[in-house]
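Worksheet: one structure, shown below.
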There are 2 protein chains.
Amino acid sequence: MNAKKRATVADVARLADVSMMTVSRAINHSPGVSEETRARILKIAEEVGYRPSQIARGLATRRTTTIGLLVPDVANPFFAQIARGAEDAAFEQGYSLFLINSAEDHRREQAALDALWQQEIDGAILCSARLSLDALRTYINRFPAVVLVNRDLYLQVSNTDTINVDDRQGARLAVEHLLEIGKRKIVYIAGPENSVSSERRLQGYRSALQMHKILAEPNWISHCAPTTDGGRAAALDLLQRMPAIDGIFCFNDLTALGVLQACREAGRSVPDQVAVIGADDIQMASLITPRLTTLRTDPHWIGSRAISLLVQRIHEPDLVPQALVVQPKLILRESA
Amino acid sequence: MNAKKRATVADVARLADVSMMTVSRAINHSPGVSEETRARILKIAEEVGYRPSQIARGLATRRTTTIGLLVPDVANPFFAQIARGAEDAAFEQGYSLFLINSAEDHRREQAALDALWQQEIDGAILCSARLSLDALRTYINRFPAVVLVNRDLYLQVSNTDTINVDDRQGARLAVEHLLEIGKRKIVYIAGPENSVSSERRLQGYRSALQMHKILAEPNWISHCAPTTDGGRAAALDLLQRMPAIDGIFCFNDLTALGVLQACREAGRSVPDQVAVIGADDIQMASLITPRLTTLRTDPHWIGSRAISLLVQRIHEPDLVPQALVVQPKLILRESA
DNA sequence: AATTGTAAGCGCTTACAATT
DNA sequence: AATTGTAAGCGCTTACAATT
């Protein structure tokens with residue numbers, strides 16, 4: 001059959017003719033064992049292939065060395081990079097990572113967080129959480145430590161650090177660039193309704209237009225799924241309803257790719273007739289024709305930094321909460 | 001402070017004035033409790049926000065409801081889709097997923113599998129594992145159940161199902177198409193040296209050429225990192241060393257995108273001078289110019305099927321091992 | 001037979017005690 | 001003071017016993 005029984009501290013203790021505590025101290029490199037005893041125990045542990053059970057250890061210590069990572073969708077390259085950065089850093093620090101896709105769905109997000117809670121994770125990284133502020137606060141209180149990515153709590157919570165992209169400023173940069181190259185009828189394809197980043201970009205979009213005395217009419221803003229198909233459908237619709245559109249600022253690069261497709265299908269040249277700007281600078285952005293002008297942030301860095309903030313807080317819960325703000329950079333390419 | 005103490009079975013038992021076992025039976029929907037008692041207990045459990053600790057449950061039952069997923073790199077869209085499919089299915093079945101990137105690195109792969117073992121996962125999905133056959137067998141024996149994706153064991157192991165893409169046949173389809181459109185000097189940009197899929201595609205590549213009495217010379221095969229940059233560098237080198245190349249079959253779409261870039265830089269028209277075929281059909285493949293001809297498999301399906309095989313085997317370890325083979329489909333677009 | 005409870009244990013560690 | 005050990009417990013469940 002499979003799965004021969006694994007060795008336990010008791011087994012090692014018996015073989016080494018010491019108590020379980022001495023084995024425990026030896027394998028944890030705790031003080032209080034003589035060097036000879038420790039060496040002898042480690043040798044025996046090695047021989048029988050002993051590995052401590054994290055689950056038993058977790059029950060005894062109330063620490064599981066696991067971290068939960070919530071993202072809307074790992075198949076979105078932006079979050080895939082965050083996940084990679086987080087896992088790289090977690091692995092280095094000896095933590096295992098639970099991955100969860102919220103699938104842009106409140107109920108699933110909540111159910112998944114419940115599951116993480118039951119797994120008794122040491123901390124959670126929540127990316128673009130769509131939960132209501134109240135629900136979010138409840139969950140945050142359940143976890144020993146939390147890092148929020150692209151979400152704010154408005155008031156500091158003692159166990160929570162945040163990493164936010166300055167979406168307002170990013171949107172301002174993008175829209176100002178569109179204005180500079182002479183565009184005036186600039187619409188915003190805004191992604192999901194309940195996205196915090198989307199809302200913040202909307203503010204930047206509005207403020208840039210206002211500076212130029214342009215009022216963004218309500219029908220200049222169109223929500224859609226944060227995917228290529230979502231962007232394509234939204235753009236097709238807008239271009240038909242308002243043929244005079246000359247600039248499109250997009251929720252992310254995925255939607256921007258859909259927008260480029262729509263422009264091709266609708267026979268609009270990019271950037272001459274319609275200039276397009278995305279956000280995230282995923283790899284595809286520089287490979288597509290026309291190459292996509294976009295806002296760059298470094299998601300791998302965000303993922304890895306989120307882990308280091310979280311691990312710090314797990315070990316020192318009383319550190320003062322940090323709120324990191326990351327400035328996006330406008331990368332000028334061909335589409336605008 | 002944070003983290004108010006969570007309620008335990010003991011708390012609920014005290015409040016309901018029953019024994020812990022009765023609470024356990026009630027919350028697990030086991031038989032042996034009267035309906036009234038169960039209802040009363042569930043109500044109290046709800047009120048105090050009781051959630052069973054998976055870690056305590058895991059220690060008692062030797063089941064953790066966790067699954068490990070190993071991929072070379074989640075940031076690779078192909079594996080990101082597998083991860084998404086796997087997490088979707090795992091969530092539905094009540095399992096939590098540990099994500100691990102091997103980063104194409106033996107030692108990290110091994111260390112990560114050790115970590116999973118210590119977490120006492122109920123099963124593992126190993127994608128494109130790079131471990132030696134011996135090491136792989138050792139790890140497989142440690143886990144209660146395993147699904148291997150894109151890797152073979154050559155002899156059946158009782159706790160292991162496999163899902164393999166028919167890479168040989170895929171490569172044959174691709175190379176035959178290149179031959180049909182008149183290409184003769186067809187090179188293979190083969191990805192990582194230690195990749196099993198790469199080796200299998202090599203066989204298909206050779207056999208298709210042999211059918212046409214063409215001998216692939218050793219320098220027609222070039223290994224590289226499975227990334228856009230890897231593909232670009234390899235293609236640049238090959239095109240310079242052998243200007244007569246008229247067809248390139250690529251390890252995956254990421255490398256194919258790099259190859260397209262290289263062709264542009266080297267001033268070769270695609271597909272007229274050089275035809276290019278990739279593998280995976282990632283989203284980018286249909287968005288790039290020229291649109292990429294490639295081999296399609298459905299990674300989301302693979303991920304989700306891997307979970308269902310695994311969960312089945314966790315519950316019925318004696319099922320006869322399955323070896324699923326997935327046929328890739330050649331998607332003709334512009335690049336070949 | 002249906003319902004409920006008791007005792008022990010899963011594999012570790014914390015807190016304290018005992019020995020040299 | 002340095003080294004080692006004992007007892008109890010983390011929060012559940014399995015196996016069995018007791019009650020109606």
Side-chain angles (χ1 to χ4, degrees), chain A residues 3-42 44-45 48-66 115 117-122 142 144, chain B residues 3-42 44-45 48-66 115 117-122 142 144:
Chain A
K4 48 213 75 173
K5 267 240 270 295
R6 45 195 296 163
T8 67
V9 258
D11 298 327
V12 177
R14 200 177 316 111
L15 291 168
D17 197 32
V18 293
S19 72
M20 292 189 353
M21 262 321 289
T22 303
V23 174
S24 174
R25 283 186 272 251
I27 58 142
N28 286 307
H29 296 273
S30 317
V33 209
S34 70
E35 271 319 311
E36 306 111 272
T37 317
R38 182 190 310 274
R40 191 162 53 85
I41 291 172
L42 290 181
I44 291 170
V48 299
Y50 171 72
R51 291 273 161 166
S53 159
Q54 284 298 352
I55 207 156
R57 198 179 251 176
L59 189 57
T61 61
R62 321 269 55 207
R63 286 272 176 98
T64 54
T65 61
T66 58
W117 184 38
Q118 290 193 236
Q119 296 289 354
E120 305 204 46
I121 56 174
D122 290 343
R142 300 219 244 257
Chain B
K4 46 214 74 175
K5 267 238 270 297
R6 46 193 298 163
T8 67
V9 257
D11 297 328
V12 178
R14 201 178 316 113
L15 290 169
D17 197 30
V18 294
S19 72
M20 289 185 1
M21 261 322 289
T22 304
V23 173
S24 174
R25 283 186 271 250
I27 58 142
N28 286 307
H29 296 274
S30 317
V33 209
S34 70
E35 271 319 311
E36 306 111 271
T37 317
R38 183 191 308 275
R40 192 161 53 86
I41 290 173
L42 290 180
I44 290 171
V48 300
Y50 171 72
R51 292 273 160 165
S53 159
Q54 284 297 351
I55 206 156
R57 198 178 251 176
L59 188 57
T61 61
R62 321 267 57 205
R63 285 272 175 98
T64 55
T65 62
T66 59
W117 184 38
Q118 291 193 234
Q119 296 289 354
E120 306 205 45
I121 56 174
D122 290 342
R142 299 218 244 259

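All chains are named by letter (A, B, ...) in the order of the sequence lines, taking the proteins before the strands, and each is independently numbered beginning at 1. Every value quoted in this text rests on a predicted model; they were computed, and no experiment measured them.
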Subject >> Any side-chain heavy-atom pair of Arg57(B) and Asn28(B) under 4.5 Å >> reply: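 With C-beta onward as the side chain, the pair touches.
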
Original post:
Between the main-chain N or O of Ser30(A) and the side-chain N or O of Arg38(A), is there a donor-acceptor pair closer than 3.5 Å?
Top reply: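 It does hold such a pair.
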
Original post:
Hey, does the side chain of Gln118(B) reach the backbone of Pro52(A) with a donor-acceptor pair shorter than 3.5 angstrom?
Top reply: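 A pair under 3.5 Å: yes.
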
Original post:
Name the stems with DNA chain C in them: runs of three or more consecutive Watson-Crick or G-U pairs, distances under 3.5 Å?
Top reply: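 So far as stems of 3 or more pairs are concerned, DNA chain C shows C:1-20 with D:1-20.
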
Original post:
In chain order, what residues pass the side-chain contact (heavy atoms from CB on, under 4.5 Å) check against Ala60(A), with sequence neighbours excluded?
Top reply: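 Counting only residues at least two positions away or on another chain, Ala60(A) forms no side-chain contact (heavy atoms from CB on, under 4.5 Å).
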
Original post:
Of the options Leu42(B), Ile41(B), Thr22(B), which is the one that meets Val12(B) in a side-chain contact (heavy atoms from CB on, under 4.5 Å)?
Top reply: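 One option only clears the test, and that one is Ile41(B).
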
Subject >> CE on Met21(A) to OG on Ser19(A), rounded to 0.5 Å >> reply: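 CE of Met21(A) is found 7.0 Å from OG of Ser19(A).
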
**OP:** Report the distance from atom CZ of Arg51(A) to atom CD1 of Ile27(A), rounding to the nearest 0.5 Å.
**Re:**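 Those atoms lie 10.5 Å apart.
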
Protein-nucleic acid N or O pairs under 3.5 Å, nucleotides 10-14 of chain D:
residue: dC10(D); atom: O2; partner: Ala60(A); partner atom: N; Å: 3.4
residue: dG11(D); atom: OP1; partner: Arg62(A); partner atom: NH1; Å: 3.3
residue: dG11(D); atom: N2; partner: Ala56(B); partner atom: O; Å: 3.2
residue: dC12(D); atom: OP1; partner: Tyr50(B); partner atom: OH; Å: 3.1
residue: dC12(D); atom: OP1; partner: Ser53(B); partner atom: N; Å: 3.4
residue: dC12(D); atom: OP2; partner: Val9(B); partner atom: N; Å: 2.7
residue: dC12(D); atom: O5'; partner: Tyr50(B); partner atom: OH; Å: 3.1
residue: dT13(D); atom: OP1; partner: Asn28(B); partner atom: ND2; Å: 2.8
residue: dT13(D); atom: OP1; partner: Arg57(B); partner atom: NE; Å: 3.1
residue: dT13(D); atom: OP2; partner: Ser24(B); partner atom: OG; Å: 2.4

**OP:** Assess the side chains of Thr64(A) and Glu120(A): does a donor N or O sit below 3.5 Å from an acceptor N or O?
**Re:**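 There is no such pair (donor and acceptor under 3.5 Å, judged by atom type) between the side chains of Thr64(A) and Glu120(A).
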
**OP:** Kindly say if Thr37(A) contacts the phosphate of dT3(D), meaning a side-chain N or O under 4.0 Å from OP1 or OP2.
**Re:**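 Answer is no, no contact under 4.0 Å.
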
**OP:** May I ask you to verify if any side-chain N or O of Ser34(A) is less than 4.0 angstrom from the OP1 or OP2 atom of dT3(D)?
**Re:**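 No, no such contact exists.
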
**OP:** Starting at atom CD of Glu36(A), determine the distance to atom C1' of dT20(C), rounded to an integer number of angstrom.
**Re:**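 Rounding to the nearest Å, CD of Glu36(A) and C1' of dT20(C) are 14 Å apart.
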
